[in-house]
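The next block holds one structure in the form of structure tokens; read it before the comments.
Remember, it's 1-based here, ligands and their atoms both numbered in the order they're listed. If you're wondering where the values come from, they're calculated on a predicted model, not measured in any experiment. Along the sequence shown, residues carry numbers from 1.
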Amino acid sequence: MDYKKLIADGLEIDDFDVYGNLDIPSDSSLGDYALPCFKLSKVMRKAPQAIAADLQSRFHADGITAEVAGGYLNFRIDRVRFAADVIADMDGKGEDFQPLAPNGKTVTLDYSSINIAKPFHIGHLLTTAIGGSLYRIFKYLGYNAIGINHLGDWGTQFGKLIAAYLQWGDDADIEARGIHALLELYVRFHKEAETDPALEAEGRKWFKAIEDGDKQALSIFERFKTVTLRDVQKVYERLGIAFDSYAGESFYNDKMQPVIDELTEKGLLVDSEGAKVVALDEYGMPPCLILKSDGATLYATRDLAAACYRQDNYHFDKNLYVVAYQQNLHFKQIFKVLELMGKPWAGDCVHIPFGMVSLEGAGALSTRSGNVVFLEDVLNTAVDKAERIIEEKNPALENKRATAEAVGVGAVVFMALSTARIKDMVFSFDKALNFDGETGPYLQYTHARTCSVLHKGGGAPDKVELSHLTDDASAAVLRLVGRFDDVVRDAAARYEPSIISRYLVDVAQAFNRFYIDHRILGDGEESKARLKLTDMVRRVLKNGMHLILLRAPQAM
Ligand code: ARG
């Protein structure tokens, strides 16, 4: 129900965008919408207060009243009518909200994009969670969303890893301990190379072998890849993350030449100390490196080829990269080069940066020293802690371990998706698992509460007496419930899943206030209406949590 449009139609002001200027008052006792009339002083040549009074006398729309409050004209939607609209809308959405009608647009999302044989550490939490959430958000809004894991599977380090593997590798150990074993080989290589310079040469030799398509080198490398993906897949499953493509850096080995040719033809490639670069000083940026002096391609070369490939293959309307802000410059350069190449879609490429994550009490994270916090360990710790809390609060619960898994993982994910993404964050288990704070467990707990109330009340009836939903606490809940789609749209427009997280906390808090104020169970009409409201909250929480990758256990 588009109330803003009804209000705009009911005012009929020429040459002024009422629709776009309507605010939602933060204090809902003032009304549901407000028009700041000072914005009209130029057009109407009057003081805001006089304008508000004038407009009020002219305003007419069924079920909406207007009141003057200083320089504002406030609008109130009749609560019975509003309740009816929200219920109709929610009934239409059903149990599991179906995606909105397809909009014919395609969005490619590059997220997680892990590196082979490197740990999947806490630093990957944000790209994985934000990207995985945006993927669900865009799908819900009717986009054709393509999730891409742009694997880091190319580079000289893989030559070193092969050299290390051939010297010290133990297949059984790699089979058993996966990435951990590979990481140890990598760390050992760097340590021993300090005293044995021949190792570096050995590493270079094996990288050359990969480049030349040497069978042995490729088959060893394929195994590293399989082992890494198998380990990472376990974490993806726990987080509910999916991809449509794992085309990574090596996928573009044979797709860069056309890009290099095009850059050459368009006169964009220049020599720089033997290397080939695209000069960007005119745009206040260092040059974008395309070819090293030995002819080797770079990260940027592959990203240019990847962007072209995504356009050719998926015909994206938007091409998104969920990558840490450390790569701001890289993406600015890539997008600029695409623009200089004359790609009409260059402006549809968007870098979605985010801040750094550190773990409370843990030092800096680095791969070379082997001092890393694995994401899997973070999840395990959170699940163990959740299990202890559940054991304490609800020892009789069935499926305690499965519930602890949902709560522990949800706590970690929510923490990642609840702060504005650009901020650095310090991850704290205690904060994440606080059942009373603004946390994942709090949402899950509120959802479980709605399930339990509905269970006791025998479910929600189809038809209810709407006059029982017009008190302040009920109206506040309804107002939030009715905003679901707008909130999801807003989150997509700003690439910010935390908008949904905060909204769900608002919904949960509003419901808990309602729950404290009102007896829900009983046998009258009042109880039926309240069960209906409770059921809408349940579905909003469940489906909203799904969009931010949280599971919604029925009891906890
Ligand atoms: N693998 C890279 C890293 O860990 C991220 C890749 C991001 N995606 C891209 N198309 N460049 O830093």
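Between L151 and L229, the shortest heavy-atom distance links the atoms CD2-CD2, 4.0 Å.
Checked by distance only, ligand 1 and D110 come closer than 3.5 Å through their nitrogen or oxygen atoms. Among the atoms of Q327, some N or O lies under 3.5 angstrom from an N or O of ligand 1. Note: an N/O pair closer than 3.5 Å links S113 and ligand 1 by distance alone. Distances between N or O atoms of R310 and those of ligand 1 include no value under 3.5 Å.
When non-hydrogen atoms are compared, ligand 1 lies under 4.0 Å from neither the backbone nor the side chain of W154.
Scanning the protein for heavy atoms near atom 6 (C) of ligand 1, the closest one is Y299 OH, 3.2 Å. For atom 4 (O) of ligand 1, the closest non-hydrogen atom of the protein is N115 ND2, 3.1 Å.
Remark: Q326 CD is packed, more than 12 non-hydrogen atoms of other residues, nucleotides or ligands lying under 6.0 Å away.
A ring-centre distance under 6.0 Å is not found for F435 and Y442. In this structure, Y111 has its ring center closer than 6.0 angstrom to the ring center of F243.
With 3.5 Å as the limit, one finds a donor-acceptor pair spanning the side chains of S112 and T128.
Listed by number with element, the atoms of ligand 1 under 4.0 angstrom from any heavy atom of Y321 are 10 (N).
Of the charged side-chain nitrogens involved, none lies within less than 4.0 Å of a carboxylate oxygen, so that R539 and D96 do not count as a salt-bridged pair.
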